[in-house]
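Comments concern the structure below.
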Protein chains: 2
Amino acid sequence: MKVSQKGLYALQAMMMLARHYSQGAIRIRDIAYEENLPEKFLELILLELKNARIVESVRGAKGGYQLRRAPSEIYLSEIIRLIDGPLAPFGDAASLRELIDRDLPHRALYQVFLEVRDAAARILESTSLHDIANASETSIGKGKSRRKKKEPQVLPMVVHGGKGSQNA
Amino acid sequence: MKVSQKGLYALQAMMMLARHYSQGAIRIRDIAYEENLPEKFLELILLELKNARIVESVRGAKGGYQLRRAPSEIYLSEIIRLIDGPLAPFGDAASLRELIDRDLPHRALYQVFLEVRDAAARILESTSLHDIANASETSIGKGKSRRKKKEPQVLPMVVHGGKGSQNA
DNA sequence: ATAAAGCCTATTAACTTACTCGACTTTAAT
DNA sequence: ATTAAAGTCGAGTAAGTTAATAGGCTTTAT
């Protein structure tokens, strides 16, 4: 799996939108400026993210982009898969499983590839924008806990961003 | 991290040489034939592997290629790093650590990248050609045990590579 | 000598990457 | 209704990478 420059831009833009979540639509220009990204290129990236229904746009004057879901509900895996393709180091999970079944001489190699992809998927499918959007946060990936999936939003009220309290 | 077609060819060729280990030098043509690889392209790949001292060549008539170390001493990480570069999904481990230190707004993202690279490294640095060379072997990555590092080559004789024996 | 090998440099077509350009459409504000 | 501020979208492009191929050179067993 490879994250391209474009993929990095996408992740940065999404982190920015996560930081400004519930501040309404943010202009491309402002995202580009704050994250130091090439504006026209970013435009294409946001379009892709919009078509994938991860962000939404507001057109016309006072328009811009915003996340369609809470930052805690958007996983890095989604963004990376969209922009850079499958997480496997070669092919994708499905084709690897095929090869494991059909290409007997090399099945052990493909199994290793699948293990690597599973390891990456475990990390990227359990890390959300919320987890990484504010650097000051609870250390991340250092000490102890970490790794949860959803935290079924116990609050009955809106609060719109039931962040995600990990701290067993 | 991405394994290219070239990288896959390299791994296949190395698996083939592992299967024929201690049968002396094998001609490029025979490797290409047995593994169904483009011969001239394979030649380039083997040259790189030779310059990296993973294989050695015997020139002239009756020449060919052979592994320079036992298959159990050659890890997939070496081959992949040589042909396809660092295991990290973006940049390499060193530059990621730099970014984690210096790019505060994005450090959590780079930390995730580093986690992914560490996970890949754990797998690829502990899987040797011996582990995958013979498909019929002890299942690999399925059931239970797996993951060992060296198997200290019980023979008291040379063993040629006194690297560093860990085996608590 | 000669044939069988690997060595090595160059070339290439196709593709990918990281962009930019500019015309078009939608919408808020006047 | 006009205008200016936005996103939309199709094209284009320079540079780089990938997956090869070609062919002459060198080494070595016989």
Side-chain angles (χ1 to χ4, degrees), chain A residues 1-13 16-17 20 23-33 35-68 80 82-86 89-91, chain B residues 1-13 16-17 20 23-33 35-68 80 82-86 89-91:
Chain A
M1 186 249 314
K2 179 76 202 304
V3 172
S4 62
Q5 194 64 43
K6 182 182 176 186
L8 181 65
Y9 291 166
L11 288 164
Q12 291 183 171
M16 191 276 194
L17 290 182
H20 296 269
Q23 291 183 206
I26 313 279
R27 282 179 304 177
I28 293 176
R29 183 166 304 109
D30 294 336
I31 304 172
Y33 181 80
E35 290 289 326
N36 224 290
L37 308 176
E39 196 176 320
K40 272 304 212 172
F41 193 27
L42 177 59
E43 193 179 302
L44 294 182
I45 293 168
L46 287 167
L47 217 35
E48 269 186 82
L49 289 162
K50 191 198 83 171
N51 293 334
R53 310 185 48 103
I54 298 173
V55 300
E56 64 193 357
S57 68
V58 176
R59 298 186 65 165
K62 289 285 165 72
Y65 278 95
Q66 56 197 306
L67 300 183
R68 278 179 67 107
I80 292 175
L82 177 70
I83 303 295
D84 288 307
F90 186 89
Chain B
M1 186 252 311
K2 179 75 202 303
V3 172
S4 63
Q5 194 65 45
K6 182 180 176 187
L8 181 64
Y9 291 167
L11 288 164
Q12 292 183 172
M16 191 277 194
L17 290 182
H20 296 270
Q23 291 181 204
I26 314 279
R27 283 179 304 177
I28 294 177
R29 183 167 304 109
D30 293 337
I31 304 172
Y33 181 80
E35 290 288 326
N36 223 289
L37 307 176
E39 196 175 319
K40 271 307 210 170
F41 194 27
L42 178 59
E43 190 177 308
L44 258 37
I45 294 167
L46 288 167
L47 217 36
E48 269 186 82
L49 288 162
K50 190 197 85 172
N51 293 335
R53 310 185 48 102
I54 300 173
V55 299
E56 66 192 356
S57 67
V58 177
R59 298 187 64 166
K62 286 287 162 73
Y65 278 96
Q66 55 198 303
L67 301 182
R68 279 179 68 107
I80 292 174
L82 177 70
I83 303 295
D84 288 306
F90 186 88

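None of these values were measured; they are calculated from a predicted model. Letters A, B, ... mirror the listed sequences (proteins, then strands); counts begin at 1.
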Here the distance between atom P of dT28(D) and atom CD of Glu56(B), to the nearest Å, is 14 Å

| query | Would one find a side-chain N or O of Ser57(B) under 4.0 angstrom from OP1 or OP2 of dA5(C)? | reply | no

DNA chain D nearest-nucleotide lookup for Leu46(A) and Tyr9(B): closer to the 5′ end is Leu46(A)

- Query: Below 4.0 angstrom from OP1 or OP2 of dA5(C), is there any side-chain N or O of Tyr65(B)?
  - Reply: no

Mark yes when over 12 heavy atoms from residues, nucleotides or ligands other than Asn51(B) sit less than 6.0 Å from its CG; otherwise mark no. yes

Atom CZ of Phe41(B) and atom P of dC7(C) are separated, to the nearest Å, by 17 Å

Walking DNA chain C from its 5' end, the first of Lys40(A) and Gln5(A) to be reached, judged by nearest nucleotide, is Gln5(A)

Regarding the side chain of Leu44(A), the nearest nucleotide among dC19(C), dA19(D), dT8(D) is dC19(C)

Taking every heavy atom of Glu56(A) against every heavy atom of Leu67(A), the minimum-distance pair comes out as OE2-O, 4.4 Å

| request: Look at the side chain of Arg59(A) against the base of dT8(D) and say whether a donor-acceptor pair falls under 3.5 Å; ignore hydrogens and angles. | output: no

*asked:* Classify Lys6(A) by what it touches in the nucleic acid, base, sugar-phosphate, or nothing, heavy-atom distance under 4.0 Å.
replied: sugar-phosphate

note: Glu48(A), atom CD; dG10(D), atom C1'; distance rounded to Å ~ 14 Å

From the candidates dA4(C), dC19(C), dG7(D), the one with an atom nearest any side-chain atom of Ala61(B) is dA4(C)

Taken to the nearest whole Å, CD/Glu43(A) to P/dA23(C) is 15 Å

Winner on side-chain proximity to Lys50(B), out of dC8(C), dA5(C), dC9(D), is dC8(C)

To the nearest angstrom, the CD-P distance between Gln66(A) and dA6(D) comes to 15 Å

Open item on the list: Categorize Gly63(A) for me: base, sugar-phosphate, or nothing, with a 4.0 angstrom heavy-atom threshold over every strand shown.
Closed with: sugar-phosphate

note: Leu8(B), atom CG; dA19(D), atom C1'; distance rounded to Å ~ 13 Å

Under 3.5 Å, side chain of Asp84(B) to main-chain N/O of Ser4(B), donor-acceptor pair present? yes

Quiz item: Are any of the side-chain heavy atoms of Ile28(B) and Glu39(B) separated by less than 4.5 Å?
Solution: yes

Here the distance between atom C1' of dC7(C) and atom CD of Glu39(B), to the nearest Å, is 14 Å

>> Please determine whether any donor N or O and acceptor N or O are separated by less than 3.5 Å between the side chain of Lys62(B) and the base of dG6(C).
In response: no

Quiz prompt | 4.5 Å side-chain heavy-atom contact, Leu46(A) and Ile31(A) | solution = yes

Rounded to whole Å, the CD1-C1' distance (Ile28(A) to dT20(C)) equals 14 Å

Looking at Ser4(A), does any N or O in its side chain come under 4.0 Å of the phosphate oxygens OP1/OP2 on dT16(C)?
no

